Amino acid sequence: MGVTVKDVTLRVIWVTSILCCYACVCTGFSPIDSFLIDCGSPTNTTIGDRLFQPDTSDSKTLQTPTDILANASEILSSGTYGLRLFETARIFNGSSTYTFRLQKSGRHWIRLYFAPFIFLGFDMSTAKFSVGTKQFALLSDFQLSNGSVVKEFSVNVNAGDLDIQFTPASGSFAFLNALEVVSAPDELITDDATTVPSAGKFQGLTKQALETVWRVNMGGPTVSPANDTLGRTWVPDQGFLKNSNLASKKTGTVKYVDGGPSRDIAPDPVYSSCREMNSAGDPNSKINVTWNFNVDRGFQYLVRFHFCDIVSPSANQLVFNVYINIWIAYRSLEFPTLGTPMFIDFVTQQSESTELNVSIGPSSDASDTYPNAILNGLEIMKMNDSRSSLGGTPVMASGTGSKMPLGIIVGVAIAVIVLILAVVVFLICRRRKRLAKLKESKNWVPFSMNMNGGYTTTMGGGRKYTGTTNTITNLGYRVPLVALQDATNNFDESWVIGVGGFGKVYKGKLVDGTKVAVKRGNPQSQQGLKEFLTEIELLSRFRHRHLVSLIGYCDEKNEMILVYEYMENGTLKQHLYGSDFPTLSWKQRVEICIGSARGLHYLHTGSEKAIIHRDVKSANILLDENLMAKVADFGLSKAGPELDQTHVSTAVKGSFGYLDPEYFRRQQLTEKSDVYSFGVVLFEVLCARPVIDPSLQRDRVNLAEWAMKFQKLGQLDQIIDPNLVGKIRPDSLRKYGETAEKCLAEYGVDRPSMGDILWNLEYVLQLQEAVLPGDPDENSTNRIGELSPQVEDVVHTTTGAGVGTDTDTQIDIGDDDISGVSMSRVFSQMVKAEGR
């Protein structure tokens, strides 16, 4: 079956949540067996409070013919995945086996982590292999061309040795980034279920191997492993709904009772939210709410429905039908108690299609005036077929059946050994050759400009790489190395003012007295020639008061140096936390956000094709002596889509905590990816704390998630920087929070443009500075309520960082930007052209 965009999108949400969050804190279940392996890593890796150990060659858990450890730290730019477990991998050029000694029989999770990259000639996107145990084939002829995925299996095994074998396809190899083998509660999977369509009984589920295909939270947000006692991830259902207009979201209170499902079955966020049928007040409504899921053809599926009546005023009032595909799975389902979780398991017939639909709809037995139906959560798990396979022919013998003659076994063994030795010798020779080339390629050399505006640089092995540019033809940008050595006291370490992914940044002073910031490339950095050229191309082509200006560059003697205007007040991040800078006022912070938005808006609209920054964060917003904001660091920037395209398909790059989750899932870049990152910056400015802080409680680690929770509750004032308490007007704070919330919308199409954000932030500043007649304190937040529509005389204070006369495109005012405040003369300067 082909992999669709929906497959990749929703499965990568699951991968991202599993690795980016803390491990579950198991309140109801403690695993006896827990093996966490970071494949290919030379050291332990800590993810949250979980310790992943390396699988080095002397480990008793791994048997492999050749030790091939792949490391992507020099290949992937910082933030490419944002997940440390994906930066290393183990490559298997022959059949290899992990062996785990289990203390307890029963059901166990097996989670396999995959994220392909290229290492020393091994292009993992081309790897093709099978994975299995002695009992079951888990994957057959598996291949992952891009992205990242976690394959989760649930297998009932006996105590003793559990072997997981990787078998490359002919002429290929296998790889693995990380591996988990963890105990699961036996009661998680009961032995019987109802079959569909026959409505009979299926028995023997406890003996089945299961692969998690989909695990969905209806009507609720993503549930991370930190909020699930078994470390599972539940994705939102929006992408599966056939018609979202037919259903609405509801939330309520859950009561777990003795004898009923525990939080090990599904966590509170699943049972406390649901999708409810939207009958629109029509008592004769006959609509069904339907979700569509992609599955593999030729397998049976265990489909588990999770229900909890959180919408009815009284028990037994809600009665409806449940469907799988075209069949009624449960007729006239009703709930004897309110707020009590329950689940129902169904087993489908062998699928002849690559789609599986589930639906809920009104029942003819319902006595309600208005028909209704709900669904809280859903799990779809593939069941092994008659060959004990979840993906094809089993890759390991089951230990039963006829035995092969000894002569054949010996002959095959000798042939395999000879083949392995030949492959090992070949790979060693090939590796030495590639290492030599890699060593040569790490020597940076200058690029020279030709008369046609192109550049050429000599790479390792004498190869030449030629590119074209229409922007670096002005050789006046080139600064002699000796001048930069003199300006920085020969790159004195005491003059270092910052360190980034490209290299160190030195404070300097040219002979004419100009203060500069000199960014000197580090040959060992993950960024190199491409980022160097991108920075020069963009900053020599674009000039804007809110973009850091490029003064020059140097490419002499294997150096890659960029020279910028010096920004006296450092980064925005330094002014928010972690340094001794004075606290910024609310007005200063909003003005800095406005300036940054102007710079990004210019990037997005200032040329025929938008320029997408890709690394918007507080550390890349610099402040001059007047605290005017300028966007910096364009090494990861990329040209936007053509006019007839909606996105640019590209590898994911950015900074963890700021990265657009839709961009991460789809690897499809748009200007809205910058908008999401800017939304994180807005909350960072308001709360004055890091975007990721592992030292905090689990629900506070991720700033964006934490702040959005309070924003949706209308309690944003409870988490603002203590230095701002009592200094922000309620209207200004409310509009600011709404702007940040829109930026962090799950889908890019729902996010505003940078132009809209700029307008909203200007409006935030106006709301903060508006003075009512007789108001004793213009900065007080004691005034509750909206600005009066009758206000006629308002003082508008313009500042150096306010709406000015730069080259920003004029912004139209939308109806949804009014925020309840009358458009009288209060904000006339913002509407009229002469006021801008």
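Everything numeric in this text was worked out from a predicted model, so none of it was measured.
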Decide whether Lys617 and Ser655 meet the rule of one side-chain donor and one side-chain acceptor closer than 3.5 Å. yes

Taking the side chain as every heavy atom from C-beta outward, state whether Leu85 and Phe52 have any pair of such atoms under 4.5 Å apart. yes

Run the ring-centre check on [X] versus [Y] and record whether the distance is less than 6.0 Å.
X      : Y      : value
Tyr736 : Trp586 : yes
Phe86  : Phe114 : no
Trp214 : Phe240 : yes

Leu378 backbone acceptor or donor facing Arg304 side chain under 3.5 Å: no

Between the side chain of His613 and the main-chain N/O of Ala632, is any donor-acceptor distance below 3.5 Å? yes

Which residues satisfy the ring pair (Phe, Tyr, Trp, His ring centres under 6.0 Å) test with Phe343, sequence neighbours excluded? none

Please verify the inter-ring angle class for Phe307 with Phe335; under 30° counts as parallel, over 60° as perpendicular, anything in between as tilted. tilted

With a 4.0 Å cut-off, would you call Arg50 and Glu180 a salt bridge? yes

With the threshold set at 4.0 Å, does a side-chain nitrogen-carboxylate oxygen contact exist between Asp699 and Lys709? yes

Verify side-chain hydrogen bond (donor to acceptor under 3.5 Å, both in side chains) between Asn156 and Thr206, making sure each step is shown before the conclusion. CA-CA 7 Å; Asn156 203 343; Thr206 55; 4.9 Å; no

